[in-house]
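Right, one structure below, let's go through it.
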Protein chains: 2
Amino acid sequence: MSLREPGGRRPTMRDVAARAQVSFKTVSRVVNDEGGVSPPLERRVRKAIDELDFRPNVGARILRRSDRRTASIGLLLEDVANPFSAAVQRAVEDEAEHRGVVVYSASLDEDPARERALAKAFGARNVDGLLLVPAGDDQSHLAAELRAGTAIVCVDREANNLPVDSVVTTNEIGAAEGVRHLAAAGHRRIAFLGDRTTIATARQRYVGYEEALRGLGLSVDPALVVRDVRDAGVADGAVTALLGRPDPPTAFFTAQNLVTVGAVRALRRLGREHAVALVGFDDFLLADLLRPGVTVVAQDPTAIGRIAAGLLFARIDGDTSPPQRRLVPTTLIRRGSGEIAPD
Amino acid sequence: MSLREPGGRRPTMRDVAARAQVSFKTVSRVVNDEGGVSPPLERRVRKAIDELDFRPNVGARILRRSDRRTASIGLLLEDVANPFSAAVQRAVEDEAEHRGVVVYSASLDEDPARERALAKAFGARNVDGLLLVPAGDDQSHLAAELRAGTAIVCVDREANNLPVDSVVTTNEIGAAEGVRHLAAAGHRRIAFLGDRTTIATARQRYVGYEEALRGLGLSVDPALVVRDVRDAGVADGAVTALLGRPDPPTAFFTAQNLVTVGAVRALRRLGREHAVALVGFDDFLLADLLRPGVTVVAQDPTAIGRIAAGLLFARIDGDTSPPQRRLVPTTLIRRGSGEIAPD
DNA sequence: AGCGAACGAGACAACGTTGTCATCGACTGT
DNA sequence: ACAGTCGATGACAACGTTGTCTCGTTCGCT
């Protein structure tokens with residue numbers, strides 16, 4: 001199989017034509033339903049196609065076709081293993097399959113170098129469009145793709161230095177709502193735990209936290225703010241440390257799903273899960289089955305994926321209106337942990 | 001953008017050649033590091049490539065190349081939104097990226113028609129290999145792909161009527177271990193809740209359940225067996241119904257992750273979670289944070305994905321040894337729910 | 001019957017690349 | 001100085017398909 005031995009050759013239109021005793025152009029006409037082929041000939045050709053299990057070579061077709069469409073798109077996510085990314089991918093797949101478009105996918109792990117390498121790899125394969133969760137703070141390297149006619153839509157975050165559509169969660173508003181919800185339960189010392197500050201959404205959620213506090217006439221205590229929390233373990237440690245302070249927070253706002261999980265673990269270990277309030281950003285499976293249930297500001301990754309795919313296909317179909325930013329709202333889901341009052 | 005207007009044309013080797021004042025064949029030599037190009041010419045060519053941001057057209061390259069490799073594979077999963085599938089995909093992506101191979105992915109939702117359609121779509125794009133979680137009980141339609149030289153490896157389930165490698169969990173052994181674990185805690189009436197019987201793994205896990213009971217000298221009570229449970233809601237209902245019987249089970253073995261989640265919900269609602277034992281097949285996030293923690297027979301989706309990708313690339317690289325079946329063992333993780341004794 | 005339109009079918013070029021072969025100039029050894 | 005060699009470069013075909021053009025037949029109309 002290494003060098004695709006003689007037997008391992010796919011039949012071509014010439015093979016079909018020989019078997020059906022017609023010219024290969026006639027086969028092309030039948031395959032593409034161009035019409036202008038008499039019924040008897042068409043029957044012969046279709047029979048030959050079936051017998052040989054012929055499938056047109058997509059590569060050659062694209063090469064020749066004038067519109068140059070490959071009916072493929074590239075999907076560059078943060079990490080498919082994260083439920084948020086997985087839900088986005090599933091929504092995109094459904095929209096794509098529906099249109100007969102295939103999807104390349106890859107995880108970037110927040111690495112700008114991978115973003116560049118994979119966008120390049122997909123571009124070289126002439127994808128019609130690219131759906132991208134930007135990693136890093138400069139997407140200008142994609143300008144050439146854009147010029148070459150590749151549609152690009154950013155998902156979950158806006159692009160930097162690149163005029164493209166984006167579909168994002170209302171991060172500031174949602175975070176502010178979560179924080180206000182904690183304040184409404186009586187909390188004044190609300191800690192913030194956020195993801196890496198290199199990630200725009202993490203910064204926006206922090207801004208929402210600050211704004212909410214300010215709007216409530218509360219001051220932001222830097223001692224209660226821990227940013228650049230990169231995983232559940234670090235979150236666990238941060239919660240433990242904060243609760244060990246002389247003047248500990250009475251509530252936590254955790255700005256990312258893994259951070260929330262880490263906080264739940266810490267509260268459990270300390271036996272404080274019914275005493276310290278918690279609101280997390282982004283929902284997760286089983287959050288309702290924990291005791292107490294975890295109150296979250298839920299995002300809607302399925303809607304994000306669906307809308308992003310819709311925009312992308314509109315661009316591919318020729319929409320040249322100015323870049324737009326579509327906002328997807330969050331929903332506060334009360335489950336118990338966010339309704340705990342301070343001591 | 002619709003018909004890719006004049007500006008939207010990618011530069012070709014001819015464009016580069018014109019700018020560098022060489023023949024386009026020389027450009028090809030430089031691009032492929034073939035050697036035999038003098039340093040000054042090479043410099044000129046590389047400069048032109050940079051200035052035009054030229055990228056070779058992968059489609060054309062594949063069409064012409066003698067080895068016919070596309071450096072792409074197709075991944076056909078059950079559903080990326082399911083954590084098991086997502087973990088497999090992530091492992092496959094990592095192996096692929098490492099080799100400079102891009103990955104098409106799609107979810108089949110257990111639909112044999114989608115399996116056929118998507119395998120065909122990927123095949124027409126000449127993927128070098130196909131990683132497949134078989135949907136339905138006949139994969140013979142893939143024989144033509146195999147003949148055409150496409151490597152195929154099945155993941156999580158074996159193929160039917162197709163001589164290909166597969167990588168599967170030790171379903172029978174794992175299920176039997178879970179059931180024996182419940183019996184060791186003193187249970188005699190252990191219910192079985194399983195996924196659709198059209199799915200081979202669901203059948204194997206049931207066999208493991210039966211074998212374990214028989215090995216323990218216990219009889220299989222058909223009233224305690226509910227198969228074809230297709231989602232968490234149905235599982236919830238089944239648990240509720242079983243516990244409402246005059247002679248209810250004292251323990252549950254749930255043979256799939258969503259089924260387990262449904263069972264947990266039901267036990268919670270009935271307030272029986274500390275009274276009725278539960279062991280689930282397949283681990284899930286936060287299972288350790290529930291009260292009681294959910295004891296599971298954990299699979300290793302990352303290992304499955306990694307091994308499957310390894311086998312696939314070996315086949316692509318020319319391995320023609322007979323098809324093999326690789327087994328990935330399970331691990332029993334005790335967390336509390338499986339250690340509850342009967343009343 | 002004669003003529004043009006309409007249509008079925010094939011010949012051929014082209015897409016952007018790689019593989020094969022030819023050409024040309026310079027360098028080697030005697 | 002001259003045949004032989006070698007290295008660099010280019011011309012050209014080919015991959016499998018679609019688009020354009022041409023050709024030949026049939027059909028309807030006068």
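Labels below follow one simple rule: chain letters A, B, ... track the order of the sequence lines, proteins then strands, and each chain is numbered from 1. Note: hydrogens, waters and symmetry copies are ignored here, and every other heavy atom, side chains too, is used. Note that the structure is predicted; figures quoted are calculated from it, not measured.
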Problem set entry | Whole angstrom value for the distance that separates C1' of D/dG7 from CD of B/Glu42 |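 So the two atoms are 15 Å apart, to the nearest Å.
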
Problem set entry | Residue pairs involving residues 73-115 of chain B (criterion ring-ring contact (aromatic ring centres under 6.0 Å, His included); sequence neighbours excluded) |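 Sorted pair list: A/Tyr104-B/Tyr104, B/Tyr104-B/Phe122.
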
Exercise. With sequence neighbours left out, what residues match B/Glu93 under salt bridge (Lys or Arg N to Asp or Glu O under 4.0 Å)?
Worked result: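 By the salt bridge (Lys or Arg N to Asp or Glu O under 4.0 Å) rule, B/Glu93 matches no residue at all.
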
For this session: Applying salt bridge (Lys or Arg N to Asp or Glu O under 4.0 Å), name anything that partners A/Arg19, two or more places apart in sequence or on another chain.
Result: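 Checked A/Arg19 against salt bridge (Lys or Arg N to Asp or Glu O under 4.0 Å); matches are A/Glu51.
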
Problem set entry | Overall bend - the helix from C/dA1-D/dT30 to C/dT30-D/dA1, comparing terminal axes fitted on five pairs, nearest 10 degrees |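 End-to-end axis angle for the helix from C/dA1-D/dT30 to C/dT30-D/dA1: 40°, rounded to 10°.
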
Contacts of [X] that satisfy side chain to side chain contact (heavy atoms under 4.5 Å, CB included) - sequence neighbours left out:
X: B/Arg61; value: B/Val31, B/Asn32, B/Pro56, B/Arg65
X: A/Val103; value: A/Ile73, A/Leu75, A/Ala96
X: B/Ala117; value: none
X: B/Thr70; value: B/Ile62, B/Ser72, B/Asn126, B/Asp128

For this session: For each nucleotide in nucleotides 9-19 of chain D, reading 5' to 3', give B when a protein heavy atom comes within less than 4.0 Å of its base, S when such contact involves only the sugar-phosphate, and - otherwise.
Result: BBBBBBBBBBB

Problem set entry | Min side-chain heavy-atom separation A/Val153-A/Val164 under 4.5 Å |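 No - every pair of side-chain heavy atoms lies 4.5 Å or more apart.
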
